[in-house]
Amino acid sequence: TEIYTLSLHDALPISQRPPLKLEGAIECESSVVTARSAGVAAESQGLSGFGNGWSGDAHLFVRATKVGDFVELGIPATGPGMKRILLHATKAKDYGQLRFSVNGKAIDPVFDGYAPQPTPSGRIDLGVHEPREGLFILRAEVVGANPASTDAKYYFGLDALLLEKP
């Protein structure tokens, strides 16, 4: 017999749950966009209408329109030394496939942002990196679209980052 314990957060109906807040998270929607493709809008978008699986009930919504569109975020290091970077993102029906890089180093595999309805991605391990001048530069670049993606098909959403000791 397995025993499962639910947190109060998980036990309540979605409409009554308090916003999720990942402890120690750096919220992407509050982070500094250091670079982006010309014409690409990147702004905070509330997500409470889709349930509350997103840290702070919001993410950075990026309206990319084609392969090659990107945003870069400047993420302050939480101290000296190498850090494991864990990203939480969003999946949706009109989201593209992304290549992430940290400080110019490309991360494999490509992230497929497609899902039939908006849903949190869960943890995406971007590996262990050394900050440069106190920052990690996270780049998210559109490299394609899932054949099932509809409408705009290149949008994407970045929720939160966790920096952990390796």
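I107 and I137 fall into different hydrophobic clusters, where Ile, Leu, Val, Met, Phe, Trp and Tyr residues are linked whenever their side-chain heavy atoms come under 4.5 Å apart, directly or through other members. Follow the hydrophobic side-chain contacts under 4.5 Å out from V40 and you reach V142 in the same cluster. When hydrophobic clusters are built by joining Ile, Leu, Val, Met, Phe, Trp and Tyr residues whose side-chain heavy atoms come closer than 4.5 Å, directly or via intermediates, L86 is not grouped with V128. By the criterion of side-chain heavy atoms lying less than 4.5 angstrom apart, applied directly or through intervening Ile, Leu, Val, Met, Phe, Trp or Tyr residues, I124 is grouped together with L60 in one hydrophobic cluster.
A search for ring pair (Phe, Tyr, Trp, His ring centres under 6.0 Å) contacts involving F111 returns F100, not counting sequence neighbours. By the side-chain hydrogen bond (donor to acceptor under 3.5 Å, both in side chains) test, D112 pairs with N146, sequence neighbours left out. Applying the side-chain hydrogen bond (donor to acceptor under 3.5 Å, both in side chains) criterion to T65, with sequence neighbours excluded, gives D69. In terms of the side-chain hydrogen bond (donor to acceptor under 3.5 Å, both in side chains) criterion, K105 has no residue partners (sequence neighbours excluded). Not counting sequence neighbours, the partners of P120 by the side-chain contact (heavy atoms from CB on, under 4.5 Å) test are W54. E130 is linked by a side-chain contact (heavy atoms from CB on, under 4.5 Å) to M82, counting only residues two or more places apart in sequence or in another chain. Every residue two or more places apart in sequence or in another chain that forms a side-chain contact (heavy atoms from CB on, under 4.5 Å) with R36 is listed here: V33, A42, V71. Q97 is linked by a side-chain hydrogen bond (donor to acceptor under 3.5 Å, both in side chains) to nothing, counting only residues two or more places apart in sequence or in another chain. Residues that satisfy the side-chain contact (heavy atoms from CB on, under 4.5 Å) test with A35, not counting sequence neighbours, are F70, E72.
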I would like to know whether E141 and S101 meet side chain to side chain contact (heavy atoms under 4.5 Å, CB included); could you show each step before the answer? CA-CA 8 Å; E141 182 174 342; S101 63; over 6 Å; no
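Across all non-hydrogen atoms, the minimal contact from P131 to G134 is CB-C, 4.3 Å. Minimum heavy-atom separation, D57 to G51: OD1-O, 4.2 Å. The minimum heavy-atom distance between P76 and L163, with the atom names listed, is O-CD1, 3.6 Å. Closest approach of S44 to A58, counting heavy atoms only: OG-CB, 4.1 Å.
In E43, the CD atom is crowded: over 12 heavy atoms of neighbouring residues, nucleotides or ligands sit closer than 6.0 Å. The environment of K153 atom NZ is sparse: at most 12 non-hydrogen atoms of other residues, nucleotides or ligands sit within 6.0 angstrom.
For the pair L161/I85, a side-chain contact is recorded, criterion being any heavy-atom separation below 4.5 Å from C-beta on. Looking at E29 and Q45, their side chains never come closer than 4.5 Å, going by heavy atoms from C-beta outward. Annotation: side chain of L158 is in contact with side chain of L73 (closest heavy-atom distance under 4.5 Å).
Atom CG of residue L47 and atom OG1 of residue T90 lie 5.5 Å apart, to the nearest 0.5 angstrom. Within the model, atoms CG of L138 and CG of L126 stand 6.5 Å from one another, a figure rounded to the nearest 0.5 Å. Rounded to the nearest 0.5 Å, atoms CG (L87) and CD1 (I26) are 11.0 Å apart.
Looking only at distances, a side-chain donor or acceptor of S31 sits under 3.5 Å from a matching main-chain atom of E27. Not one N or O on the side chain of R99 forms a donor-acceptor pair closer than 3.5 Å with the backbone of A140.
Note on residues 156-166: pairs passing side chain to side chain donor-acceptor pair (under 3.5 Å), not counting sequence neighbours, are R123-E164. Applying the ring pair (Phe, Tyr, Trp, His ring centres under 6.0 Å) test to residues at least two apart or on different chains, the pairs with a partner in residues 112-165 are F61-Y155. Here side chain to side chain donor-acceptor pair (under 3.5 Å) pairs that include residues 79-88, with residues two or more places apart or in two chains, are R84-D125.
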